[in-house]
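Below: one structure, written as C-alpha cells.
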Amino acid sequence: MKQHQASVLIVSAPSGSGKTTLTRALQERFDCFAFSVSATTRPPRPHEQHGVHYFFLNAEEFVRYREEGRFLEWEEVYPGRLYGTLRSEVERMLAAGQVPMFDVDVKGGLRLKETFGAGALAVFIRPPSLDALRERLLRRASDSPEDIERRLAKASEEMAYEGQFDHVIVNDVLPEAIEALCALVSAHLGVQPVKSL
C-alpha cells in the first residue's frame, strides 16, 4: 500500500453543516480511509446502530472509559451529552495501514490535531451562513425547536475556531464542497480517488 503523507484526516463543523455527508462522499471515492466511530452518551436515533453510527454508552460507562484512559479525546458537546474518540479504534486502523477519518465536533477536532501534529490534516466545514444552517436543521427534522436554537448558538461559537484548522471549506453547493474536499485530500495524502467525481 502506498505510504500516506498524513496519518489521520479530521473533519469538524458545527452540527448540520454537512460534515457527515462529506465524509461519506470521501469514503466512496477513496479506499484508504477508515471511519472512526465515536462513543456518545446521547440516545440513538431510530435508524442508528451501536458500533456502526456510534458506540452508545451510558454516563457511567463513559466516565469509566475516560478514567481508564480509553479516549484520545472527549468533550461534553452539550450539557449531559458526552462524545469521545476511542484509542483502540484508531490504533486498529493505523495498524491495518488505513487512514483514520474523524467526523468530530470542533473542540474534539482541535484536540486530535494537537495529538497527531503534522500527521493530521484538519478541515473545518463551514455553513454559508447561520440562516442557511437553520434551514438545514429545520429540514432535517430530527431536533426540537429548542435543540435547533441551542445548536445554532453553539455553531456561532464554533465558527470562531475555524482559523485554527488547516483548511476551511464552505459547504454552500454540496457537489462543489465534495470536489474541494477530494482535491484537498488528494494533495495532502498523495492519493487519487478510486471512483471519479
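Worth saying up front: this structure is predicted, and the values here are computed from it rather than measured. Below, each value reflects all heavy atoms present in this structure, side chains not excepted, and no hydrogens, waters or symmetry copies.
- Using a 4.5 Å heavy-atom cutoff, the side chains of Pro43 and Arg81 are in contact.
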Go through the steps for Ser15 and Lys154 under the test side chain to side chain contact (heavy atoms under 4.5 Å, CB included), then give the verdict.
CA-CA 9 Å; Ser15 179; Lys154 188 164 183 66; over 6 Å; no
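- Judged by distance alone, with hydrogens and angles left aside, the side-chain atoms of Thr85 form no donor-acceptor pair with the main-chain N or O of Leu72 at under 3.5 Å.
- The aromatic rings of Phe62 and Trp74 lie perpendicular to each other, with more than 60° between the two planes, well past the 30° mark.
- Minimum heavy-atom separation, Ala34 to Gln27: C-NE2, 4.5 Å.
- A salt bridge links Arg134 with Glu149: the closest approach of a Lys/Arg side-chain nitrogen to an acidic carboxylate oxygen falls below 4.0 angstrom.
- With contacts defined as side-chain heavy-atom distances shorter than 4.5 Å, the pair Val11/Thr20 does not qualify.
- In this structure, CG in Asp147 is found 11.0 Å from CG in Leu152, a value given to the nearest 0.5 Å.
- Using a 4.5 Å heavy-atom threshold, the side chains of Arg42 and Tyr54 count as touching.
- Of all the heavy atoms in Cys32 and Val191, the pair that sits closest is SG-CG2, 4.2 Å.
- Arg126 CZ to Ile169 CD1: the interatomic distance, rounded to the nearest 0.5 Å, is 13.5 Å.
- Using a 30° and 60° split on the angle between ring planes, Tyr65 and Phe71 fall in the tilted class, from 30° to 60°.
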Derivation and outcome, side chain to side chain contact (heavy atoms under 4.5 Å, CB included), residues Arg45 and His53:
CA-CA 10 Å; Arg45 292 181 178 134; His53 299 94; over 6 Å; no
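- Counting heavy atoms from C-beta on, the side chains of Asp131 and Glu135 never come closer than 4.5 Å.
- Of the charged side-chain nitrogens involved, none lies within less than 4.0 Å of a carboxylate oxygen, so that Asp103 and Arg24 do not count as a salt-bridged pair.
- When all heavy atoms of Lys113 and Ala122 are compared, the closest pair comes out as CD-CB, 3.7 Å.
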Please step through side chain to side chain contact (heavy atoms under 4.5 Å, CB included) for the pair Val90 and Phe102, ending with a clear verdict.
CA-CA 10 Å; Val90 178; Phe102 303 98; 3.6 Å; yes
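- Using modelled atom types, no side-chain atom of Ser38 and backbone atom of Tyr83 make a donor-acceptor pair closer than 3.5 Å.
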Might you work through the side chain to side chain contact (heavy atoms under 4.5 Å, CB included) test for Ile178 and Arg29, ending with a clear yes or no?
CA-CA 10 Å; Ile178 291 171; Arg29 290 162 174 78; 3.9 Å; yes
Go through the steps for Ser17 and Asn171 under the test side-chain hydrogen bond (donor to acceptor under 3.5 Å, both in side chains), then give the verdict.
CA-CA 7 Å; Ser17 299; Asn171 184 11; over 6 Å; no
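- For Leu133 against Pro14, the heavy-atom pair with the smallest separation is CD2-CB, 4.3 Å.
- Ionic pairing of Glu89 and Arg92 is present here: one or more N-O contacts between side-chain nitrogen and carboxylate oxygen are shorter than 4.0 angstrom.
- We find that Arg64 and Glu68 are joined by a salt bridge, their nearest charged nitrogen and carboxylate oxygen being less than 4.0 Å apart.
- Here the closest heavy-atom approach between residue Gly16 and residue Arg136 is recorded as O-CD, 3.5 Å.
- Residues Phe56 and Thr40 form a side-chain contact, since some pair of their non-hydrogen atoms from C-beta on lies under 4.5 Å apart.
- With hydrogens and angles disregarded, no donor-acceptor distance shorter than 3.5 Å links the side chain of Ser156 to the backbone of Ala153.
- Ring-centre distance between Phe55 and His50: below the 6.0 Å cut-off.
- Rounding to the nearest 0.5 Å places CZ of Phe30 at 9.5 Å from CG of Leu9.
- With contacts defined as side-chain heavy-atom distances shorter than 4.5 Å, the pair Leu112/Val8 does not qualify.
- Judged by distance alone, with hydrogens and angles left aside, the side-chain atoms of Gln164 form no donor-acceptor pair with the main-chain N or O of Tyr161 at under 3.5 Å.
- When atom types are taken as modelled, the side chain of Glu76 and the backbone of Gly80 share a donor-acceptor pair closer than 3.5 angstrom.
- With rounding to the nearest 0.5 angstrom, the CG atom of Leu57 is 7.0 Å from the CG atom of Leu86.
- Crowding of Glu114 atom CD: a count of heavy atoms from other residues, nucleotides or ligands under 6.0 Å not exceeding 12.
- Contact detail for Met101 and Thr23: the closest heavy-atom pair is CE-O, 3.4 Å.
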